[in-house]
Amino acid sequence: MDNFEVREIKHDENEIKNVQDFLFDQIKKAYDIGPMPKFHYDILDLADYYILPSKNSLFLALDGDKIVATVAVRGYDKDYEFFKGIYTKEKTASIWRLMVDENYRRRGLARRLVTMAEHFARSAGYEEIYLNTHRYLDSALPFWDSLGYEITLEEDDYDETNHMIKNLSDL
């Protein structure tokens with residue numbers, strides 16, 4: 001078994017910069033795009049989204065000093081019309097920025113990180129946890145299904161978006 005350190009991000013400028021660099025590198029590899037404020041505002045302002053709010057956090061996995069995986073959790077803040085009045089910032093957490101370096105996949109890091117995020121969300125007072133993923137990501141749906149997430153809506157949009165939810169009382 002690999003001996004990775006898995007923990008919450010620290011409020012340290014160097015660590016924040018390293019996490020930003022890791023996330024933008026992963027986004028470049030996965031989607032072939034650079035930083036875009038419209039989509040990556042949370043990465044550009046990591047402290048305000050994941051470190052300073054007490055009900056939000058970002059977890060990382062390290063191999064020595066190298067960041068090899070991340071996951072973030074924050075209060076639900078999307079404005080999807082079809083979830084209006086169903087999910088709220090007070091009771092619903094959201095999973096964000098689950099990224100695992102391709103050289104570190106299939107080692108259980110994503111599962112460990114998501115489990116930490118779920119336990120954090122439950123202890124922060126959230127009742128459920130939401131995420132969206134995309135059908136074109138081959139392993140995404142089987143992974144989330146294996147963790148007990150259920151599809152609530154499949155969109156036929158250009159991103160092939162699936163919306164998923166898990167009740168945190170099941171932990």
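Each residue takes its place number in the sequence, starting with 1. Keep in mind that this is a model prediction, so the values were computed, not measured.
- In this structure, Lys78 forms no cation-pi arrangement with Tyr87, as its terminal cationic atom is not both closer than 6.0 Å to the ring centre and no more than 45° off the ring axis.
- Asp12 CG to Asn14 CG: the interatomic distance, rounded to the nearest 0.5 Å, is 5.0 Å.
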**OP:** Apply side chain to side chain contact (heavy atoms under 4.5 Å, CB included) to Phe22 and Asp101, showing your working.
**Re:** CA-CA 9 Å; Phe22 170 79; Asp101 182 292; 4.2 Å; yes

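- Here the side chains of Ile51 and Ile16 are in contact, with some heavy-atom distance below 4.5 Å.
- In this structure, OG1 on Thr152 lies 8.5 Å from CZ on Phe82, to the nearest 0.5 angstrom.
- Follow the hydrophobic side-chain contacts under 4.5 Å out from Leu113 and you reach Tyr126 in the same cluster.
- Looking at every heavy atom in both residues, Gln26 comes nearest to Val100 through OE1-O, 3.6 Å.
- Inspection of the Ser146 and Arg111 side chains reveals an N or O donor paired with an N or O acceptor under 3.5 Å.
- Side-chain atoms of Leu141 and Met164, non-hydrogen and from C-beta on, do get closer than 4.5 Å to each other.
- For the atom pair CG (Leu137) and CH2 (Trp144), the distance works out to 11.5 Å, reported to the nearest 0.5 Å.
- Following chains of ILVMFWY side-chain contacts shorter than 4.5 Å, one cannot reach Leu147 starting from Ile165, and the two form parts of different hydrophobic clusters.
- Placement of Leu62 and Val71 in two distinct hydrophobic clusters is found when ILVMFWY residues are connected by side-chain heavy-atom separations under 4.5 Å, directly or transitively.
- Evaluation of the ring pair (Phe, Tyr, Trp, His ring centres under 6.0 Å) test over residues 23-48, restricted to residues two or more places apart or in two chains, returns Phe24-His40, Tyr41-Tyr49.
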**OP:** Verify side chain to side chain contact (heavy atoms under 4.5 Å, CB included) between Arg97 and Ile43, making sure each step is shown before the conclusion.
**Re:** CA-CA 9 Å; Arg97 307 301 177 196; Ile43 299 172; 3.6 Å; yes

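- Using a 4.5 Å heavy-atom cutoff, the side chains of Val73 and Leu58 are not in contact.
- The shortest distance between side-chain heavy atoms of Ile67 and Val19 falls below 4.5 Å.
- Counting non-hydrogen atoms of other residues, nucleotides and ligands closer than 6.0 Å to CG of Asp65 gives a total of 12 or fewer.
- Salt bridge Lys10/Glu8: absent, no basic N to carboxylate O contact under 4.0 Å.
- Interatomic distance, Asp45 CG to Leu52 CG, rounded to the nearest 0.5 Å: 8.5 Å.
- When the shell of 6.0 Å around CD of Glu160 is examined, it contains more than 12 heavy atoms from other residues, nucleotides or ligands.
- A donor-acceptor contact shorter than 3.5 Å links the side chain of Asp157 to the backbone of Thr161.
- Both Met99 and Tyr50 are assigned to one and the same hydrophobic cluster, defined by single-linkage of ILVMFWY side chains at heavy-atom distances under 4.5 Å.
- Taking Glu127 as the reference, Lys91 meet the side-chain contact (heavy atoms from CB on, under 4.5 Å) condition, with sequence neighbours excluded.
- Checked against Val68 for a side-chain contact (heavy atoms from CB on, under 4.5 Å), the options Val6, Leu60, Leu109, Asn103 give a single hit: Leu109.
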**OP:** Evaluate the side chain to side chain contact (heavy atoms under 4.5 Å, CB included) criterion for residues Ile129 and Tyr149: first the C-alpha distance (whole Å), next the side-chain angles of each, then the deciding distance (0.1 Å), finally the verdict.
**Re:** CA-CA 9 Å; Ile129 195 161; Tyr149 286 78; 3.2 Å; yes

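- With a 4.5 Å cut-off on side-chain heavy atoms, Leu153 and Phe83 count as touching.
- Asn162 is not listed as a side-chain neighbour of His134, based on a closest heavy-atom distance of 4.5 Å or more.
- Arg74 contributes atom CZ, which lies 13.0 Å from atom OG of Ser57 (distance to the nearest 0.5 angstrom).
- The NZ atom of Lys166 sits 10.5 Å away from atom CZ of Arg122, with the distance rounded to the nearest 0.5 Å.
- Linking Ile, Leu, Val, Met, Phe, Trp and Tyr whenever their side-chain heavy atoms come within less than 4.5 Å leaves Met116 and Ile9 in two separate clusters.
- By the 30° and 60° cut-offs, the orientation of the rings of Tyr130 relative to Tyr80 is tilted.
- Taking both residues in full, the closest heavy atoms of Phe4 and Arg112 are given as O-NH2, 3.6 Å, listed atom of the first, atom of the second, then distance.
- Crowding of Lys89 atom NZ: a count of heavy atoms from other residues, nucleotides or ligands under 6.0 Å not exceeding 12.
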Original post:
Given the rule in the side chain to side chain contact (heavy atoms under 4.5 Å, CB included) test, do Thr88 and Tyr76 qualify, once you have shown the distances and angles that lead to the verdict?
Top reply: CA-CA 6 Å; Thr88 68; Tyr76 178 85; over 6 Å; no

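- Residues His163 and Glu154 have side chains that never bring a donor and an acceptor to within less than 3.5 angstrom of each other.
- Between Val114 and Leu98 there is a side-chain heavy-atom pair separated by less than 4.5 Å.
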**OP:** Report the C-alpha distance between Lys66 and Glu5 in whole Å, list the side-chain angles of each, state the deciding distance to 0.1 Å, and finish with yes or no for salt bridge (Lys or Arg N to Asp or Glu O under 4.0 Å).
**Re:** CA-CA 10 Å; Lys66 180 182 178 183; Glu5 179 184 1; over 6 Å; no

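- Of the N and O atoms on the side chains of Asn167 and Ser169, at least one donor lies less than 3.5 Å from an acceptor on the other residue.
- A salt bridge links Asp156 with Arg135: the distance from a Lys NZ or Arg NE/NH1/NH2 to an Asp or Glu carboxylate oxygen falls below 4.0 Å.
- For the pair Ala117 and Ile95, the tightest heavy-atom approach, listed with the atom from each and the gap, is CB-CD1, 4.1 Å.
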